[in-house]
Structure formats: structure tokens, C-alpha cells
Amino acid sequence: MKLNTIFLAITIGLLSAFTACKGNTNHKYSSSMTFGQEDTLKYARNLRLEKIDGDGGTAYLATIRNPWDTVKNLRKYLLVPKGMKNVADVPGATKINIPIENALVYSSIHAGLLSDLEADDKIGGVCNARYITDKKLQDRIMNGDVVDCGEGLNPDVEQIINLHPDLVMLSPFENNDRYAKVSQLGIPILECADYMEMFPLGQAEWMKFYGLLFGKADVAANNFQEIESRYEEIRKQAAKRTLRPRVIMDQPYNNSWSVPGGYSTMGRIIEDAGGVNPFAQIKSAGGVALAPERVLAEADDADIWLVRYNQKGEKTLQELSLDGMVNSQFKAFKTGNVYGCNTYYIPFFDETPFHPERLIEELSMIFEAYASSSEPSHLRYFKKMSK
């Protein structure tokens, strides 16, 4: 399932509402949550984790803020290690016994993350199997070792019952009851709202939460530390550049053009990589639908154009000009500075949510090449579009 759609604005002024008070010091919850070497959540805004000490281990209370109504919570989860005793229920929290041994995963993004966390053997079933790009997982599905539970919008409930997973991982959308049938099975449903984070490292930081769920907290902490270090290294280098190209993303579809808002992860990565987002003034945490004519009016002078598309063959500039009436009128098109990413075979949407360091590195290389009038090499996702 591709999660590059359905994003809504989040008002930045409400961010502080998520910083909850620590409460009575005699309460058995600790308001500071640590992983491994005292690595706390620094970037995630829609997730809070609290440690709960008890007999035989440590439990955790995970609170997910509602991204569409930031003064409310979306879900609470009580993560209890198997064998831990005397852990009282938390009102309104779904109890999950950890580590998870058998998960049903809806999204190829989270399937890929579990592979990174060395927990892909805990995937017992998937939905939307046709979107899975991981070769090892594809083979396990073909061999029947991983159960294909149908489409996310209409899952095979009988298969899910037979699988009897410990946990269902899916991505929530506002006012969406698409998993109503699954929720009636009594299986804990984890609403993975990581994609609604406003900072690239914020979404990636959710891997610490997923690491806890699957008994891979140390792996998650180490992975994130490397990601953070690399991202910050590139960001600081890019900040030294004096020439910052104006960058537009994608193209019109059905007479509407989704551009990255100023608070979106893509918008922030463009800026962090040394570029300028022409739509940064739109205070949105996701994509913003604009008329193509407005995009042309505000960004006709864009220096670089990054186009993500999905088709069997490579898109050319000629084809791009036929895709939309305004497409050939942009400066980037006229100068040939258009880069395409064919998601038909390139796992852009699977990798970049939890590997923003790979994307900022690539964009930084493209922007640097533009500044020096050279051609970037060894690109992972994009390639310059031919005529």
C-alpha cells in the first residue's frame, strides 16, 4: 500500500498540547522513556512513551496523539513483556504482550522496517501483497510461509482468523472505518500514525517504538542513531551552500497538483538538503492540492523538478510535456533539469519514510550538481529524464 496520499494539515501552534504534565511523582509511571544508551524520543511529536517498572521486567505505555485533532489522543497501548507480573491495566489502553511473534502487516513500508530491525521472521501475514518489494518476503509469500490476507480495504477475514496474529499493523486515516471487520476479531490493532509526523527524523524515530514491540529495541536504537547522525551531517553541509535551487515535486493529476506543504516531511527534506520549497509558506504537514495554473504562477522559475511516477517504461520529457498542459512551461523543463523516480521498480515509498538520510543525501547530490553545473552520479532513486 502506498502512503503517499491522504495527508491533512496540522496546525503548528497545537504541537505543545502533546507535551503532557508528568503528574504525581508517586505514580508508578515514569515520564521519561529511554532506549539502550539513554536515547530518548527527540523528534517524534505524535508519539509518547512511558516506562512502567514492575515485577519481572519493564512495561511501556505508548500514547499516540490524534494527528487530525492534536488536543486528543488517537490510541494508547500498554506493552507488557510476557511473564511480567502485577502490571495493572491502564484505562483506555489496548494491552499488547511483547515481544510480538506473529504479526499481520498491511503496509510494505512497515514490512521493510521489520526487515531492517531483523524481525521480518515475525511477519506471519500481509495485506496488499502485490506492493511488497522485499525479495525475501516475496519468496516467503509465494511459498506460503507468509499468509496473503488480501487487500487492506477488503481483507480476507477467514485467513486472518486462521493466522491468529498477535498484532495487526496498519496506517490510520481520518474518519476511516476500513478495518471495522478486523477490529471485531479481538486482535490488537496498532494504528501506525508515523506517516503524519512533521519532521523526517520524527517519522524515522518511530522505529524505536516498533523495536520495543518486536524485542528489537537495541537494534532500533542503533539504527536510528546512525540515521540521525548521517542526516544531520548532510544537513549541516548543505546549509553552507550559497546557491539554493528552487525545487518542485511531481506533476498534475486529474487537474490537481499535490505540492509539499511547509511542514511536510518532503518540504523539510528539500530545505534541509539545500533547496527551496516554493510552497513553504503553506503551513501544511502534508501534500496540498493546488490548481496546475497556480503552481505555474508561483513556481514557473523552479530550477529543479523531481517527478515520481509509476509505469513499466521510463518517462521522457516529451511524455511529461503531454501529461499536463502547463508542464512544458517550467524553467526546469526547458533547461532539462528534470529528474524522474519510477516507483514501478524503485522502492522509494518503502524505503524513504524510515531512511530519510538516504533521501536527503540524494537530493543534496542533485542540488550540488546543479550549483556546480555538473551531473550527479550514483543516484539511488532519481535519474535525469531524457528527451
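Scope of the values below: all heavy atoms of this structure, side chains included, with no hydrogens, waters or symmetry mates.
More than 12 heavy atoms of other residues, nucleotides or ligands shown are found within 6.0 angstrom of CD on Gln329. Within 6.0 Å of the CD atom in Glu158, the count of heavy atoms belonging to other residues, nucleotides or ligands does not exceed 12.
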Could you go through Phe348 and Tyr381, starting from their C-alpha distance and side-chain angles, then the distance that decides it, and tell me whether this counts as ring pair (Phe, Tyr, Trp, His ring centres under 6.0 Å)?
CA-CA 6 Å; Phe348 179 94; Tyr381 303 114; 5.5 Å; yes
Chi angles and distances behind the side-chain hydrogen bond (donor to acceptor under 3.5 Å, both in side chains) call for Thr343, Asn310:
CA-CA 5 Å; Thr343 60; Asn310 186 288; 3.2 Å; yes
Verdict with reasoning, Lys95 to Val80, per side chain to side chain contact (heavy atoms under 4.5 Å, CB included)
CA-CA 7 Å; Lys95 183 178 179 181; Val80 182; 3.9 Å; yes
Would you check, one step at a time, whether the test side chain to side chain contact (heavy atoms under 4.5 Å, CB included) holds for Asn337 with Trp305?
CA-CA 6 Å; Asn337 284 308; Trp305 189 355; over 6 Å; no
Check the pair Arg75 / Thr94 against side chain to side chain contact (heavy atoms under 4.5 Å, CB included), numbers first and verdict last.
CA-CA 8 Å; Arg75 283 287 193 115; Thr94 299; 3.6 Å; yes
Worked check of side chain to side chain contact (heavy atoms under 4.5 Å, CB included) between Asn66 and Asn73:
CA-CA 5 Å; Asn66 188 331; Asn73 292 326; over 6 Å; no
Test side-chain hydrogen bond (donor to acceptor under 3.5 Å, both in side chains) on Tyr43 and Glu228 and set out the steps.
CA-CA 10 Å; Tyr43 304 95; Glu228 177 190 27; 2.5 Å; yes
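Applying the ring-ring contact (aromatic ring centres under 6.0 Å, His included) test to Tyr210 and every residue at least two apart in sequence or in another chain returns His110. Gln159 meets the side-chain contact (heavy atoms from CB on, under 4.5 Å) test with Val147, Cys149, Asp156, Asn162; sequence neighbours excluded. The salt bridge (Lys or Arg N to Asp or Glu O under 4.0 Å) test applied to Arg230 returns Glu233, Glu361, not counting sequence neighbours. A search for ring-ring contact (aromatic ring centres under 6.0 Å, His included) contacts involving Phe333 returns nothing, not counting sequence neighbours. Residues passing the ring-ring contact (aromatic ring centres under 6.0 Å, His included) test with Trp206: none are found, sequence neighbours excluded. Residues satisfying the salt bridge (Lys or Arg N to Asp or Glu O under 4.0 Å) criterion with Asp134, sequence neighbours excluded, are absent altogether. Taking Lys76 as the reference, nothing meets the salt bridge (Lys or Arg N to Asp or Glu O under 4.0 Å) condition, with sequence neighbours excluded. Among residues two or more places apart in sequence or in another chain, the side chain to side chain donor-acceptor pair (under 3.5 Å) test is passed with Asp166 by none. Taking Asp323 as the reference, Lys315 meet the salt bridge (Lys or Arg N to Asp or Glu O under 4.0 Å) condition, with sequence neighbours excluded.
Annotation: side chain of Val295 is not in contact with side chain of Pro278 (no heavy-atom distance under 4.5 Å). At a threshold of 4.5 Å between non-hydrogen side-chain atoms, the residues Tyr231 and Asp272 count as touching. Pro353 places none of its side-chain heavy atoms less than 4.5 Å from the side chain of Tyr195. Residues Tyr339 and Pro376 form a side-chain contact, since some pair of their non-hydrogen atoms from C-beta on lies under 4.5 Å apart. Side chains of Glu205 and Glu197 form no contact here, defined as non-hydrogen atoms less than 4.5 Å apart. Phe214 has its side chain within reach of Leu114: a pair of non-hydrogen atoms, C-beta onward, lies under 4.5 Å apart. Counting heavy atoms from C-beta on, the side chains of Val259 and Ile248 never come closer than 4.5 Å. Looking at Leu41 and Leu47, their side chains come closer than 4.5 Å, going by heavy atoms from C-beta outward.
Closest of all the heavy-atom pairs between Ile160 and Pro155 is CD1-CB, 3.9 Å. Across Gly261 and Ser264, no two heavy atoms sit closer than the pair O-OG, 2.7 Å. Pro356 and Ala204 make their closest contact through CD-CB, 3.9 Å (heavy atoms, listed as atom of the first residue, atom of the second, distance). The two atoms that bring Asp53 and Met84 nearest to each other are C-CE, 4.1 Å, heavy atoms only. Taking both residues in full, the closest heavy atoms of Val182 and Tyr106 are given as CG2-OH, 3.4 Å, listed atom of the first, atom of the second, then distance.
Residues Val247 and Leu290 are members of separate hydrophobic clusters, defined by side-chain heavy-atom contacts under 4.5 angstrom among Ile, Leu, Val, Met, Phe, Trp and Tyr. Both Phe330 and Val288 are members of a single hydrophobic cluster when ILVMFWY side chains are connected at heavy-atom separations under 4.5 Å. Using a 4.5 Å cut-off between side-chain heavy atoms of Ile, Leu, Val, Met, Phe, Trp and Tyr, with links allowed through other members, Leu113 and Val219 fall into the same hydrophobic cluster.
With Ile269 as the partner, the side chain to side chain contact (heavy atoms under 4.5 Å, CB included) test is satisfied by one option alone out of Thr352, Ile360, Asn277: Ile360.
Distance CD/Gln138 to OG1/Thr133: 7.0 Å, rounded to 0.5 Å. Atom CD1 of Ile52 sits about 5.0 Å away from atom CG of Leu78, to the nearest 0.5 Å. Between atom CG of residue Leu320 and atom CE of residue Met385 there is a gap of 5.5 Å, rounded to the nearest 0.5 Å. Rounding to the nearest 0.5 Å gives a distance of 10.5 Å between CH2 of Trp257 and CD of Glu293. The structure places CE of Met169 at 7.0 Å from CG of Leu213, a figure rounded to the nearest 0.5 Å. Taking SG of Cys341 as the reference point, atom CD of Glu362 lies at 8.0 Å (rounded to 0.5 Å).
Looking at Asp350 and Ser108, their side chains do bring a donor and an acceptor atom within 3.5 Å of each other.
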Please tabulate, for side-chain N and O atoms in residues 364-372, each donor-acceptor pair with protein atoms closer than 3.5 Å (sequence neighbours left out).
{"residue": "Ser364", "atom": "OG", "partner": "Arg241", "partner atom": "NH2", "Å": "2.5"}
{"residue": "Glu368", "atom": "OE1", "partner": "Arg241", "partner atom": "NE", "Å": "2.7"}
{"residue": "Tyr370", "atom": "OH", "partner": "Asp303", "partner atom": "OD1", "Å": "2.9"}
{"residue": "Ser372", "atom": "OG", "partner": "Glu368", "partner atom": "O", "Å": "3.0"}
{"residue": "Ser372", "atom": "OG", "partner": "Ala369", "partner atom": "O", "Å": "3.4"}
{"residue": "Ser372", "atom": "OG", "partner": "Ser374", "partner atom": "OG", "Å": "2.8"}

Identify every side-chain donor-acceptor pair in residues 116-124 under 3.5 Å, counting partners at least two apart or on other chains, and give the distances.
{"residue": "Asp116", "atom": "OD2", "partner": "His355", "partner atom": "NE2", "Å": "2.7"}
{"residue": "Asp120", "atom": "OD2", "partner": "Lys136", "partner atom": "NZ", "Å": "3.2"}
{"residue": "Lys122", "atom": "NZ", "partner": "Glu101", "partner atom": "OE1", "Å": "2.8"}

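Comment: Arg268 does not engage Glu271 in a salt bridge, judged by the lack of any side-chain N to carboxylate O separation of less than 4.0 angstrom.
Note on residues 246-261: pairs passing salt bridge (Lys or Arg N to Asp or Glu O under 4.0 Å), not counting sequence neighbours, are Arg246-Asp301, Asp250-Arg308.
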